[in-house]
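Read through the structure below, which is laid out as structure tokens, and then see the notes.
If you're wondering where the values come from, they're calculated on a predicted model, not measured in any experiment.
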Amino acid sequence: MANTNIFEPFVFDYGETSSLVDRKAGDRTPIKSDKAPVGSLSPSSTKLVNPLALVDTLPSDSSAVSSRYCAPCKKKFSNEATYDAHLQSDKHKKSAGQANTSNSSQSPVASPKAKNAVHPVVQGALASMKKAQALASKDPAVAATVLWNIAKDIAQFGEDRITRTALDGALSCMQAMDANADLRGAKGSPGAWSARSLLKTMLECQLAQARLESRSDKQLAASLYTDALCCYLGIASHSLDMAERDRNPAKARELAGQLVNGIPRKFAKSEDVDQAIRAMEEVAVAFFAFSKSIPALLWRSVAIYSVAHAFALQKDRPAAAYSAVCRLSALFDSAGLCHFGSECASLVIDHHMQQPGSRAMVATAVANSLRDLDLVRAACLLQRYNYRFEEPWSRFLAELVSRTADADTMWLSTDAWDAWSLLSSANATSDRHVYELVENAVRRELRPLMWYSPTETDSRLNHN
């Protein structure tokens with residue numbers, strides 16, 4: 001399920017690769033957002049209370065523009081709460097019903113003008129947008145601020161075409177300021193943009209564009225998502241192409257480390273690091289969601305998760321790095337590529353054994369390798385794990401893999417299950433989930449070789 005507010009991240013379940021949920025046709029209900037506007041503008045740029053500029057060019061009836069207006073009742077409301085309450089009142093419903101009856105009696109078909117009626121807030125925003133566009137070449141700092149906030153207001157009413165125009169205009173002004181620092185406004189003035197605030201808002205603007213286009217054109221949305229991320233990190237888009245090209249998680253991890261080491265931005269502030277990680281996570285999840293219709297994006301998602309992991313490690317964010325590994329593992333599971341989970345387990349062994357659930361992830365990867373009869377992969381994982389973190393369950397699995405590779409049917413068919421039962425009864429309470437995972441793997445591996453088939457009652461695990 002995706003959020004329909006383009007100024008908030010779209011969120012997907014890992015198993016969900018369906019298209020983004022769009023708003024119903026004709027739905028013009030404002031979408032509430034708690035995000036504050038950029039600069040010193042009021043919460044609604046259509047109120048036209050803009051201390052930065054355009055004060056002298058505002059329409060004289062600007063206060064009316066900001067009101068919520070009910071046409072059937074011919075009333076204006078100063079805030080959305082009272083306006084919404086009025087719409088639910090019996091008086092309004094009666095007036096609206098009479099207005100509809102009157103309109104239908106006058107003409108069986110609504111006039112084009114009535115069909116295309118524009119909300120007063122939208123009308124005011126359009127007027128302000130024209131002024132800001134005219135100002136863009138002279139003062140892009142002010143124009144960018146006004147257009148950005150107009151886009152956020154218009155989007156609440158489902159006006160995608162106008163929102164797209166405002167976003168395009170705002171981004172164009174921001175790019176001009178990014179190319180020429182002299183256009184960012186006088187230092188210390190209310191309308192000035194710092195380099196940091198400019199990059200941050202450019203990222204938010206580009207992500208909003210991508211979310212908007214994802215409703216109808218996922219290929220374009222993917223391109224916009226890539227541009228947004230690469231612009232914020234300061235890397236070339238072909239760098240991600242290299243990371244996804246081989247379709248090999250191990251190679252993607254290596255290239256991701258090189259790419260992160262080459263990022264020119266320092267990300268000195270903690271909030272900038274957090275924003276970069278959030279952006280990478282959103283883009284990776286979006287690409288996985290789009291991969292149902294554009295399969296190649298699955299591997300771009302893998303590449304971005306690999307970059308997110310390397311970036312988080314570099315910036316000393318172990319929890320965020322571990323989260324990226326878990327998300328990548330979930331991606332492989334959802335895509336039916338469970339055998340690649342061993343790469344995630346290797347990352348966990350190397351960097352994240354102090355994180356909760358880390359042993360379960362390693363045990364799952366080994367169990368999946370045994371299920372697929374991939375003894376080489378299972379042996380490599382266990383050797384890597386036992387070198388540093390040897391435990392009873394991992395030691396037993398290593399012996400199980402070795403005996404299976406040597407075709408030691410005597411041990412497998414007689415002593416193996418008894419050995420595991422004794423071991424699990426003595427140690428399962430320390431990490432019950434891990435031992436349950438391993439026991440399931442042992443059952444699958446030994447069942448074809450046993451003289452008898454173990455039942456659930458054969459387990460020494462305490463399931464009570």
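Formation of a donor-acceptor pair under 3.5 Å by the Ser342 side chain with backbone atoms of His339 is found in this model. Judged purely by atom type and a 3.5 angstrom limit, Asp139 has no side-chain atom pairing as donor or acceptor with the backbone of Leu135. A donor-acceptor contact shorter than 3.5 Å is absent between the side chain of Ser358 and the backbone of Gln354. Remark: the backbone N or O of Asp274 is not paired with any side-chain donor or acceptor of Arg317 at under 3.5 angstrom. With hydrogens and angles ignored, the 3.5 Å screen pairs no side-chain donor or acceptor of Ser323 with any backbone N or O of Ala319. With hydrogens and angles disregarded, a donor-acceptor distance shorter than 3.5 Å links the side chain of Ser128 to the backbone of Gly124. The backbone N or O of Ala365 sits less than 3.5 Å from a side-chain atom of Ser369, completing a donor-acceptor pair. A donor-acceptor pair under 3.5 Å is formed between the side chain of Thr163 and the backbone N or O of Glu159.
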*asked:* Let's go through Gln275 and Tyr232 carefully: what are the C-alpha distance in whole Å and the side-chain angles of both, what is the deciding distance for side-chain hydrogen bond (donor to acceptor under 3.5 Å, both in side chains) to 0.1 Å, and is it a yes or a no?
replied: CA-CA 10 Å; Gln275 185 177 34; Tyr232 190 65; 3.0 Å; yes

Determine, step by step, whether Val325 and His351 satisfy the side-chain contact (heavy atoms from CB on, under 4.5 Å) criterion, reporting the C-alpha distance in whole Å, the side-chain angles of both residues, the deciding distance to 0.1 Å, and the verdict.
CA-CA 10 Å; Val325 176; His351 303 287; over 6 Å; no

* Evaluate the side-chain contact (heavy atoms from CB on, under 4.5 Å) criterion for residues Phe290 and Ser214: first the C-alpha distance (whole Å), next the side-chain angles of each, then the deciding distance (0.1 Å), finally the verdict. => CA-CA 9 Å; Phe290 298 164; Ser214 65; 3.6 Å; yes

Item to complete: I would like to know whether Arg211 and Glu8 meet salt bridge (Lys or Arg N to Asp or Glu O under 4.0 Å); could you show each step before the answer?
Response: CA-CA 9 Å; Arg211 296 169 193 144; Glu8 297 290 343; over 6 Å; no

Exercise. Start with the C-alpha distance between Phe332 and Val302, add both sets of side-chain angles, then the distance that settles side-chain contact (heavy atoms from CB on, under 4.5 Å), and finish with yes or no.
Key: CA-CA 9 Å; Phe332 287 138; Val302 171; 3.9 Å; yes

Checking side-chain contact (heavy atoms from CB on, under 4.5 Å) for the pair Val285/Tyr305: CA distance, chi angles, key distance, verdict?
CA-CA 9 Å; Val285 173; Tyr305 273 131; 3.0 Å; yes

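The closest side-chain heavy-atom distance from Ile235 to Val307 is not below 4.5 Å. Considering only heavy atoms from C-beta on, Glu399 stays 4.5 Å or farther from Arg395 through its side chain. Contact check for Pro9 versus Arg278: no side-chain heavy atoms found under the 4.5 Å cut-off. Considering only heavy atoms from C-beta on, Leu199 stays 4.5 Å or farther from Leu203 through its side chain. At least one side-chain heavy atom of Val438 sits less than 4.5 Å from a side-chain heavy atom of Trp420. Ile349 places none of its side-chain heavy atoms less than 4.5 Å from the side chain of Tyr387.
Considering NZ of Lys218 and OG of Ser291, their distance stands at 11.0 Å, rounded to 0.5 Å. With rounding to the nearest 0.5 angstrom, the CG atom of Asp160 is 10.5 Å from the OG1 atom of Thr165. Remark: Ile162 CD1 to Phe157 CZ distance equals 11.0 Å, nearest 0.5 Å. Atoms CG and CD, on Leu229 and Glu282 in that order, are 10.0 Å from each other to the nearest 0.5 Å. Distance CD1/Ile150 to CE/Met129: 6.5 Å, rounded to 0.5 Å. Atom CG in Leu400 sits 12.5 Å away from atom OG in Ser394 (nearest 0.5 Å).
Within a 6.0 Å sphere centred on CD of Glu390, heavy atoms belonging to other residues, nucleotides or ligands number more than 12.
Taking all atoms of both residues into account, the shortest heavy-atom contact from Val434 to Ala360 is CG2-N, 3.6 Å. The minimum heavy-atom distance linking Leu375 with Thr404 is given by the pair CD1-CG2, 3.7 Å. The minimum heavy-atom distance between Ser137 and Ala134, with the atom names listed, is OG-O, 4.2 Å. Smallest separation of non-hydrogen atoms from Val401 and Leu382: CG2-CD1, 3.9 Å. Pairing each heavy atom of Cys326 with each of Met361, the nearest pair is SG-CE, 3.7 Å. Among all heavy-atom pairs drawn from Ala151 and Ala166, the shortest one is CB-CB, 3.7 Å.
For residues 354-381, every residue pair satisfying the salt bridge (charged side-chain N to carboxylate O under 4.0 Å, His left out) rule, not counting sequence neighbours, is listed here: Arg359-Glu391, Asp374-Arg377. Applying the salt bridge (charged side-chain N to carboxylate O under 4.0 Å, His left out) rule to pairs touching residues 302-313 yields nothing, sequence neighbours excluded. Within the structure, every pair that satisfies the salt bridge (charged side-chain N to carboxylate O under 4.0 Å, His left out) test and touches residues 339-358, not counting sequence neighbours, is listed here: Asp350-Arg384.
Under the rule for a side chain to side chain contact (heavy atoms under 4.5 Å, CB included), Gln383 has no partner lying at least two apart in sequence or in another chain. Looking at residues two or more places apart in sequence or on another chain, you find no side-chain hydrogen bond (donor to acceptor under 3.5 Å, both in side chains) involving Gln133.
Aromatic ring pairs are classed by plane angle as parallel below 30°, tilted from 30° to 60° and perpendicular above 60°; the pair Trp393 and Tyr385 is tilted. Classification of the Tyr322-His352 ring pair by plane angle, with boundaries at 30° and 60°, yields tilted. Taking the six-membered ring for Trp and thresholds of 30 and 60 degrees, Phe287 and Tyr225 have ring planes more than 60 degrees apart, a perpendicular arrangement. Using bins of under 30°, 30° to 60° and over 60° for the plane-to-plane angle, the ring pair Phe267/Phe311 lands in the perpendicular bin.
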Listed pairs under 3.5 Å, donor-acceptor, residues 167-182 side chains, sequence neighbours left out:
| residue | atom | partner | partner atom | Å |
| --- | --- | --- | --- | --- |
| Asp168 | OD1 | Gln209 | NE2 | 2.6 |
| Asn180 | OD1 | Asp182 | N | 3.1 |

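Salt-bridge check for Lys152 with Glu204: failed, with every basic side-chain N at 4.0 Å or more from each acidic carboxylate O.
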